[in-house]
Amino acid sequence: MELIVTEKDNAARRIADILSDGSAGTDRRNGVNVYRWDGGGTVCVGLSGHVVGVDFPPEYDDWRDVQPVELLEADIEKRATQENIVRTLQSLAREADRAVIATDYDREGELIGKEAYELIEEAAAIPIERVRFSSITEREVTEAFANPDELDFDLAAAGEARQIIDLLWGAALTRFLSLSAGQLGEDFISVGRVQSPTLKLIVDREREIQAFDPDDYWELFTTLRADGVDFEGQYFYEDEGTENERVWNEADADDAHARLTSADRATVTGVRRRTRSDDPPAPFNTTQFISAASSLGYGAGRAMSIAEELYTAGYITYPRTDNTVYPEDLNPEALLATLADTGAFGEDAASLLDDGEVEPTRGDTETTDHPPIHPTGEVPGRADLGDDEWAVYELVVRRFLATCAEPAEWEYLRVTAEANDCQLKANGKRLLDPGYLAVYPYVSSDETLVPDVDEGSELALADTRLEAKQTQPPRRRGQSRLIEELEARGVGTKSTRHNTIEKLYDRGYIENDPPRPTRLAMAVVEAAEAFAEQVVDEEMTRQLEQDMTAIADGEATLDDVTDESRAMLGRVFDELHDSREAVGEQLREALKDDKRLGPCPECGETLIVRRSRRGSYFVGCEGFPECENTYQLPSNGEPTVMTDSCEEHGLRHVKMLAGRSTFVHGCPVCKAEAAAAHEDEVIGDCPGCGEAHGGDLAVKQLQSGSRLVGCTRYPDCDYSLPLPRRGDIEVLEERCPEHDLPDLVVHDGDDDPWELGCPICNYEEFQERRATRDLDDLDGVGEKTAAKLAEADIESLSDLEAADPEGVADRVSGVSADRVRDWQDQVEGAS
DNA sequence: GCAAGGTC
């Protein structure tokens with residue numbers, strides 16, 4: 001029997017399909033898909049990326065028992081991280097008489113291949129070959145299998161060196177900083193070769209913003225008119241041969257303003273017209289896809305998770321790729337013809353075919369990993385996808401269409417004029433031929449109208465505006481700009497950059513969007529700059545890339561490179577040794593800063609977020625025990641202190657992080673004052689007390705900001721029904737015939753009022769809805785996944801909540817236990 | 001409970 005091993009299940013299925021000519025059957029072993037054909041003579045199994053990982057021996061597990069520097073001398077072991085897959089691979093290997101490694105054609109793929117190689121070798125003494133192909137098409141795959149090669153152990157060793165260096169630096173320095181600051185729980189302080197330079201990029205920009213000193217300047221605009229058309233003219237002047245719009249001196253600006261205001265005509269001094277072509281974009285790699293999706297309002301992580309779903313469903317190609325050149329195998333005419341038969345893109349695709357020969361654009365990067373992201377021949381209908389999935393799918397299709405289209409042609413018209421010794425200019429643009437813009441509406445095709453005028457003609461001039469402005473600090477980069485920057489600097493990979501940014505959010509290093517660094521992040525970067533400069537410097541990645549190339553080329557060994565790296569890290573620890581106290585103090589102070597709100601209204605000391613002995617959060621005064629002032633916080637979520645603050649109390653707002661149900665609590669003093677001013681309004685009898693006690697139900701507002709309908713005998717009776725956190729609650733005259741309670745209405749800003757109705761009926765409905773809400777409300781569950789889950793009797797969110805993750809993973813192909821746990825977290829977050 | 005890299 002021949003055993004074929006691929007990097008992922010999806011690739012295994014497609015390769016089995018090609019090599020078996022569609023005859024392969026599927027069975028499952030330990031919850032892993034195995035594809036079999038040739039009467040069982042050939043089997044194909046997919047890994048899930050790395051199925052083994054590097055780590056220190058267990059005796060190094062306790063952070064307090066081990067000096068971080070001791071990790072430098074520790075052995076590094078490989079251990080199975082995906083035991084089901086390892087077991088399946090090894091049992092198949094024992095049945096096989098030869099094996100073929102068909103993992104992805106890149107460095108990490110070679111290492112994953114070597115991991116499979118060693119696992120097979122451990123189980124059976126059989127020959128093992130390697131095949132390489134850069135896209136899973138019939139021609140490439142059959143050709144690769146007809147000419148098998150050997151595994152490239154040097155290339156795999158380059159990847160292993162990276163693993164070892166990343167683990168050593170990351171673990172040792174993370175432990176050192178965490179220990180020095182006394183942060184040992186889940187709030188440890190992490191650093192790493194990729195995350196720390198990424199964080200420094202954000203911190204450096206913040207430093208520029210903080211150091212920025214704005215300058216005043218003025219700009220002047222006026223309305224010009226010719227042939228009954230109004231257009232905008234902007235004042236400019238020439239200084240040493242360059243054209244300037246900004247006037248840096250107020251007296252000069254006032255002078256120009258006076259001269260333009262006193263003029264009512266301008267004479268055209270120049271007309272320049274030129275046409276320029278605007279080339280269609282290159283095919284999508286991961287970074288450009290994330291960037292385009294961001295202009296549709298999707299964050300990097302969300303865009304990638306939708307793309308993965310579309311890929312798993314078979315609608316688009318693999319979404320993690322650096323390649324921006326379509327492979328030879330891709331026949332754009334054939335794909336356009338397929339799309340031309342569909343409703344949504346039919347006309348656009350057909351129009352491109354009508355234009356004659358199709359020559360797709362090429363980007364700068366041609367790699368062997370995967371083709372650029374493009375639609376496959378399987379086209380979903382609009383009803384097969386949710387709104388977000390469709391929007392992203394349409395983006396991928398339209399990008400493909402755009403790459404097959406002609407350039408757009410623009411005409412630019414520049415008119416200059418003179419009025420009372422002042423020069424004015426107007427720039428117009430007109431779309432002569434839309435070209436690719438006709439199929440790619442994500443790029444603006446807005447025109448600016450400037451009428452056709454002749455040199456020497458007269459324009460009417462009116463409405464001169466003098467605008468006082470200030471130079472602006474550099475902007476914070478948004479997630480997609482950061483990812484583009486990381487790619488340009490060679491930091492991280494196509495598969496990890498978006499995760500790195502999410503990790504920075506999770507670790508409390510950045511907040512908001514565009515991300516800004518916390519005080520902790522500033523302190524971590526400062527500490528690293530002072531003592532372990534390499535770990536925040538992207539130069540470390542560049543050096544590592546060079547070293548890996550040397551290993552891959554046989555010019556250095558894994559030991560040469562890792563020994564040198566160990567020595568360098570050893571020198572970092574020599575420096576750090578004496579500074580442990582100072583570093584710890586700096587980090588602890590920054591951590592506190594991130595929790596400080598502002599002055600205590602009682603004593604003038606500082607209010608800070610604290611945690612009670614029972615684990616709940618509250619706001620207390622740093623003047624404790626002299627000042628015992630405290631404020632409650634909501635019970636759900638982790639509090640973080642935001643940068644914007646309450647004008648009345650000068651206190652920073654508090655946000656409660658609770659996954660999808662994250663919300664802004666605001667100023668705790670305002671909330672406490674509102675609760676104190678609120679009078680409980682009795683609306684009926686309490687059904688919880690029974691007749692004996694005769695408690696009443698009232699609309700209550702708590703200090704924590706929560707609102708509820710609860711019993712007036714609280715805490716003796718704790719009957720309560722939840723109410724929304726936002727908006728004004730109005731109690732109506734109408735009463736519920738069943739519960740004898742009044743209907744409630746919530747007024748929230750400009751939106752239509754929200755009719756809650758009777759609070760008991762409303763609560764019952766809410767629970768009902770929650771129990772039956774559709775599964776595909778969840779991130780990462782499309783219709784196909786929902787259908788597969790239904791076969792395992794999981795049809796609602798409450799079914800999912802009650803399910804055993806391991807059991808689901810065993811029964812449903814393509815769904816892991818971790819994935820199920822993610823979904824369960826989402827359900828919990830939403831309730 | 002550390003990293004980064006695969007994958008889901």
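Hydrogens, waters and symmetry mates are skipped; everything else that's a heavy atom, side chains included, is used. All chains are named by letter (A, B, ...) in the order of the sequence lines, taking the proteins before the strands, and each is independently numbered beginning at 1.
- Annotation for A:Val583 and A:Leu177: closest pair CG1-CD2, 3.8 Å, computed over non-hydrogen atoms.
- Side-chain contact check for A:Ile165 versus A:Val561: some heavy-atom pair is nearer than 4.5 Å.
- The side chain of A:Ser48 places no N or O atom within less than 4.0 Å of a non-bridging phosphate oxygen (OP1 or OP2) of B:dC8.
- Judged by atom type and distance alone, A:Asp55 reaches the base of B:dC2 through a side-chain donor-acceptor pair under 3.5 Å.
- Between B:dT7 and A:Tyr318, a contact under 4.0 Å exists linking OP1 or OP2 to a side-chain N or O.
- Heavy atoms of A:Val191 sit under 4.0 angstrom from primed sugar atoms or phosphate atoms, though from no base atom.
- Residue A:Glu7 is classed as a sugar-phosphate contact, given heavy-atom separations below 4.0 Å to backbone atoms only.
- Within the nucleic acid shown, A:Gly492 comes within 4.0 Å of sugar-phosphate atoms alone, with no base atom in reach, counting heavy atoms only.
- For A:Lys8, counting side-chain heavy atoms from C-beta on, the closest listed nucleotide (B:dC8, B:dA3, B:dG5) is B:dC8.
- For A:Glu129, the salt bridge (Lys or Arg N to Asp or Glu O under 4.0 Å) partners at least two apart in sequence or on another chain are A:Arg98.
- Among the heavy atoms of the strands, none lies under 4.0 Å from A:Glu186.
- When heavy atoms are screened at a 4.0 angstrom cut-off, A:Asp187 is found touching no nucleic acid atom at all.
- Within 4.0 Å (heavy atoms only), A:Gln195 reaches sugar-phosphate atoms of the nucleic acid but no base atom.
- In terms of modelled atom types and a separation under 3.5 Å, the side chain of A:Asn323 and the main chain of A:His370 share a donor-acceptor contact.
- Proximity of a side-chain donor or acceptor of A:Thr376 to a complementary backbone N or O of A:Gly314 within less than 3.5 Å is detected.
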DNA chain B in dot-bracket form (Watson-Crick or G-U pairs under 3.5 Å, [ ] crossing, | inter-strand) is ........

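- Base engagement by A:Asp61 is indicated by at least one non-hydrogen atom pair under 4.0 Å involving a base atom.
- Within the 4.0 angstrom heavy-atom criterion, only backbone atoms of the sugar-phosphate kind lie near A:Arg507; the bases stay farther away.
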Side-chain donor-acceptor contacts of residues 63-74 of chain A below 3.5 Å, not counting sequence neighbours, with atom names and distances?
residue : atom : partner : partner atom : Å
A:Glu70 : OE2  : A:Gln67 : N            : 3.0

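- The aromatic ring of A:Trp169 does not sit over the base of B:dA3; the criterion of centres under 5.5 Å apart with planes under 30° is not met.
- Within 4.0 Å of A:Arg175, counting heavy atoms only, lies at least one base atom of the nucleic acid.
- More than 12 non-hydrogen atoms from other residues, nucleotides or ligands lie less than 6.0 angstrom from CD of A:Glu59.
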